[in-house]
Amino acid sequence: MPATPELQKYLSLLNPEQKQAVEHEDSPLLILAGAGSGKTRVITTKIAWLISEKNVDPRSILAVTFTKKAANEMRERAQAMEPSAEESQIRTFHSFGAYFLRRYAEAAGVDKNFTVYDDDDMVTLIQKSTPGLKKSEAASYAHSIALAKDYCLPPDSLRLGEVSSDPLFAEVYAAYQKRLRSTGNVDFGDLIMLPVQVLAENANIARQMHYRYRVIMVDEYQDSNVAQFLFLKALSGVDQDSGTYVCVVGDDDQSIYKFRGAEVQNILNFQKEFPGTQLIRLERNYRSTSAILNAANCVIKNNSDRLGKTLSAERGDGKKPDLIFLPNQDDEAAFCAELIKKQVKKGGTYSDWAILYRTNAQSLVFESEFLHKRIPYQVVGTLKFYEREEIKDLLAFLALLANSKDEIAFRRIVNKPARGLGPTSQDKIIDAAKEKSQDLITASKELAPSLSKKAREGLEKFSTLVDSFKEKLGDSTAASASDDSAASSNPDASNDSDADTVPANSKQNLGTLVEEIMQKSGLEEYHQADDEISGTQRVANMQELANNASLYPLSMDGLLEFLDSIELDRTLASQEDQSLDRVTLITLHNTKGLEFKRVIITGLEQGIFPRADKSGPELEEERRLFYVGITRAQDELYITSCAARRMYGRTEFMQPSVFLQEAGADTFRLLGNVPPSFERAINGGFLGGADFGDEGDYGDGEYSDGDFYDDTPQYGQQGRRSNAYGASSNFGASSNFGASSASAAPKIKHPLAKKYGLGQAVYHDDYGYGQIAKAEVRDGEYVIHVQFQNGGTKKFLPAYQAAQLMRVEE
DNA sequence: TCACAGTGACTTTTT
DNA sequence: GTCACTGTGA
């Protein structure tokens with residue numbers, strides 16, 4: 001079959017190494033692909049090439065990634081070149097695990113309609129299976145159990161000591177696992193660990209897999225854990241000489257999930273585990289300017305534990321990244337907002353921009369600042385929506401419909417709203433169900449007569465309700481199981497996508513069921529009361545969930561698909577228009593695989609990034625995280641670091657991140673209030689005025705002088721540019737003011753004392769008109785106290801807050 | 001069984 | 001500063 005014109009076009013776009021990787025055959029292949037080296041292009045082209053040039057059956061190709069976003073992108077791009085790639089399995093590791101387990105549920109000992117327990121559910125189940133544990137203890141065990149499963153260690157493993165030194169751990173783990181099996185459900189770790197066990201214990205299933213998947217590709221291989229490695233080995237049948245073609249792509253410098261069990265050794269040892277492996281390196285970077293790449297290289301070279309690889313820039317020089325020192329996180333947010341607004345005013349778009357931070361909590365300040373300044377934004381990867389109480393309630397109801405042995409879901413909703421069924425009654429029902437191997441609804445019906453009147457009536461109502469909803473799903477026992485293996489049909493296609501399965505014009509979708517549950521279960525009323533008291537949006541949130549559900553058909557399969565889509569990808573709450581023009585707020589971890597024209601990496605402070613307790617290998621992982629962040633930027637990179645930060649309601653004074661010093665003197669253009677210690681550390685004060693010789697790079701109007709960075713020398717020393725990033729043009733020529741105000745504060749020697757002298761009238765957007773009542777110099781900062789007409793007094797740092805505080809001419 | 005108020009602990013990072 | 005947990009009182 002000749003290559004389609006599209007494929008020809010794509011092939012012609014590849015560089016020699018990429019082309020070699022695409023056309024490689026026969027032996028296992030390890031592609032070491034640096035950031036921005038076009039690895040997704042290689043994988044997708046390879047899929048298309050295999051199908052159209054090598055006549056590989058698209059259904060026999062399995063490509064796994066780590067995030068659903070990456071999987072979707074891969075599928076789209078492969079299909080663009082070769083439409084039949086639609087039939088290939090392009091999924092996340094976990095969703096493939098879920099698919100596998102549903103198909104071989106019996107062999108795995110789980111319910112075919114299982115749902116996936118999240119971390120919270122794990123904690124609850126641990127507390128039930130090992131009574132007496134505090135929540136925090138259970139949470140700690142949950143963490144260890146998850147880690148054990150990442151290493152594919154079952155409860156009876158002799159190597160559990162590697163995961164936890166707690167002598168009770170094995171016991172707690174075993175009790176949990178037993179209880180989990182009795183619910184028929186699985187947790188995240190099971191999605192990988194159980195398939196590995198199934199494949200090890202069932203030679204025929206393993207053989208089916210080897211027969212089914214002739215080509216297996218893994219993206220972001222550096223972040224695979226031991227369980228995933230074993231899964232890959234078992235699926236490919238490398239030890240059985242199955243002849244399956246295996247190709248993995250990764251970058252050891254971007255390994256950032258060690259804490260979750262990712263094992264860099266997987267990539268370092270790949271050639272040993274898969275004999276005859278060929279290695280291809282992709283080191284040409286097409287994404288970033290060389291100034292940005294230089295910064296990335298300067299950072300990562302401080303790591304010792306790496307294969308070593310140097311990216312070369314295929315793009316032009318570009319602008320040197322800016323490193324901006326700011327007083328605190330409010331100013332950090334304000335700075336970012338102003339920077340973005342200015343750029344958009346000049347014709348840029350919001351979606352060019354991404355704000356990166358180390359921890360989710362840091363997004364809050366940006367959110368409120370952006371709301372205030374009317375900057376559209378989206379927060380990526382926040383779990384908040386699915387963690388909301390009302391959403392979890394509704395999901396628990398759905399989970400119970402899917403699997404009526406789900407005790408966690410049962411407990412959550414059986415007494416909500418109150419039906420007189422407290423923990424004691426719940427325990428009774430669950431114990432009875434276990435004893436007789438019944439589902440919880442059957443057990444409820446049997447047990448109801450023995451309960452008190454109130455409890456009995458409540459429980460009877462509840463089980464009737466559940467039954468009626470189950471009926472609407474077409475009854476869970478209706479068989480659809482045909483466990484023929486691969487070749488004949490393609491039963492997977494429907495599992496793959498969400499939007500495609502929408503029944504056109506059908507009123508009977510899952511959304512209507514969700515709405516009905518809201519109303520009839522009393523959850524709507526229950527949360528409505530809350531909305532009225534505390535002004536929350538709970539009912540609206542539930543409605544939102546119903547809207548999402550309406551994309552799925554009203555059937556058990558539709559329900560399972562819906563629950564999977566939520567459980568396996570909680571980051572993608574924003575399936576809404578990707579086309580909307582808005583700023584992206586995102587954790588550094590979540591940026592893996594993404595790119596943006598303009599990137600701001602925030603919070604480069606000791607204790608925040610890197611976190612305080614990091615050293616040795618963990619510090620190296622933090623450093624790689626910084627490297628990942630830097631290499632997301634295409635055209636412009638900004639890095640901010642704050643002198644103080646509010647934590648736990650207290651203000652902590654911060655030191656600049658050690659990573660900044662490591663990067664060296666020439667890597668960034670320094671702006672703002674550079675801490676003297678930092679300046680000494682990186683080069684004994686390299687910022688002699690002459691070093692601004694490269695100013696020409698920035699004088700092109702991108703942000704012309706005085707727009708962002710006020711030229712007024714602040715400290716006298718070294719004639720450095722200062723960082724009054726506010727619109728200084730608002731202030732007119734300073735000579736108009738000087739004399740009188742300076743004489744009003746004769747004692748204070750500070751460059752800003754002239755502009756912001758005692759008695760100066762000012763205007764603030766939020767507080768209105770006021771007058772400077774007091775001025776002082778603290779820690780080298782010029783601080784003014786403003787008495788506002790509305791009665792309040794506020795402190796300001798004119799060096800940074802000029803934008804909010806306008807001087808009023810008299 | 002539930003509602004409330006006071007107290008303590010707390011922030012990684014994610015499928 | 002915020003959230004979740006605990007104990008008290010109705």
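Here is how names work: the chains are called A, B, and so on, in the same order as the sequence lines, proteins then strands, and each is numbered from 1. The shown structure was predicted, so the numbers you read here are calculated from the model rather than taken from an experiment.
Contact footprint of chain A on DNA chain C: nucleotides with an atom under 4.0 Å from a non-hydrogen protein atom, first to last in 5' to 3' order, C:dG1 to C:dC5.
By the ring pair (Phe, Tyr, Trp, His ring centres under 6.0 Å) test, A:Phe93 is found to be paired with A:Phe66, residues two or more places apart in sequence or in another chain being considered. Among residues two or more places apart in sequence or in another chain, the salt bridge (charged side-chain N to carboxylate O under 4.0 Å, His left out) test is passed with A:Glu390 by A:Arg538. With sequence neighbours left out, A:Asn403 forms a side chain to side chain donor-acceptor pair (under 3.5 Å) with A:Asn185. A:His527 pairs by the ring pair (Phe, Tyr, Trp, His ring centres under 6.0 Å) definition with nothing, not counting sequence neighbours. In this view, A:Tyr221 and A:Phe270 satisfy the ring pair (Phe, Tyr, Trp, His ring centres under 6.0 Å) rule, not counting sequence neighbours. When the ring pair (Phe, Tyr, Trp, His ring centres under 6.0 Å) test is applied to A:Tyr173, the partners found at least two apart in sequence or on another chain are A:Phe169. Residues passing the salt bridge (charged side-chain N to carboxylate O under 4.0 Å, His left out) test with A:Arg306 are A:Asp253, sequence neighbours excluded.
At a threshold of 4.0 angstrom between heavy atoms, the contacts of A:Lys134 with the nucleic acid are absent. Among the atoms of the strands shown, only primed sugar atoms or phosphate atoms (P, OP1, OP2) are found under 4.0 Å from some heavy atom of A:Tyr257.
In this model, the phosphate group of B:dT15 is approached by a side-chain N or O of A:Asn590 to a distance below 4.0 Å at OP1 or OP2. Considering only side-chain N and O atoms, A:Thr67 lies nowhere under 4.0 angstrom from the phosphate OP1 or OP2 of B:dT15.
Atom P of nucleotide B:dT13 and atom NE2 of A:His143 are separated by 12 Å, given to the nearest angstrom. Look at CZ on A:Arg260: it is 9 Å from P on B:dT14, rounded to the nearest Å. One can place CZ of A:Arg624 at 13 Å from C1' of B:dT13, the figure rounded to the nearest angstrom. Here B:dT14 presents its P atom at 12 Å from CD of A:Glu621, a figure rounded to the nearest Å. Counting to the nearest Å, the P atom of B:dT14 and the CG atom of A:Leu594 are 13 Å from each other. The CG atom of A:Asp119 sits 12 Å away from the P atom of B:dT13 (whole-angstrom rounding). In this structure, the CD1 atom of A:Ile586 is 13 Å from the C1' atom of B:dT13, given to the nearest Å. Rounded to a whole Å, the CD1 atom of A:Ile566 is 19 Å from the P atom of B:dT14.
Judged purely by distance below 3.5 Å, without hydrogens or angles, the side chains of A:Asp187 and A:Tyr176 pair a donor atom with an acceptor atom.
B:dT13 and C:dA4 have their P atoms separated by 15 Å, with the value rounded to a whole Å. Of the P atoms belonging to B:dT11 and C:dT6, the separation is 15 Å, rounded to the nearest Å.
Both the sub-6.0 Å distance and the 45° axial angle are not jointly satisfied by A:Arg103 relative to the ring of A:Phe100.
Residues A:Phe659 and A:Phe609 place their aromatic rings such that the two centres sit under 6.0 Å apart.
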Atom pairs and distances, side-chain donor-acceptor, residues 123-130 of chain A, under 3.5 Å, sequence neighbours left out:
unit_1, atom_1, unit_2, atom_2, d
A:Thr124, OG1, A:Asp120, O, 3.0
A:Gln127, NE2, A:Leu133, O, 3.2
A:Ser129, OG, A:Leu125, O, 2.9
A:Ser129, OG, A:Ile126, O, 3.2

Output a table of nitrogen or oxygen pairs between the protein and nucleotides 1-4 of chain B separated by less than 3.5 Å.
unit_1, atom_1, unit_2, atom_2, d
B:dT1, OP1, A:Gly422, N, 3.2

Between N or O atoms, less than 3.5 Å apart, protein on one side and nucleotides 10-12 of chain B on the other: list the pairs.
unit_1, atom_1, unit_2, atom_2, d
B:dT11, O3', A:Arg611, NH2, 3.1
B:dT12, O2, A:Arg358, NH1, 2.9
B:dT12, O2, A:Arg358, NH2, 2.3
B:dT12, N3, A:Lys614, NZ, 3.1
B:dT12, O4, A:Lys614, NZ, 2.5

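Every pair tested for side-chain hydrogen bond (donor to acceptor under 3.5 Å, both in side chains) that includes a residue from residues 449-460 of chain A fails, sequence neighbours excluded, so the list is empty.
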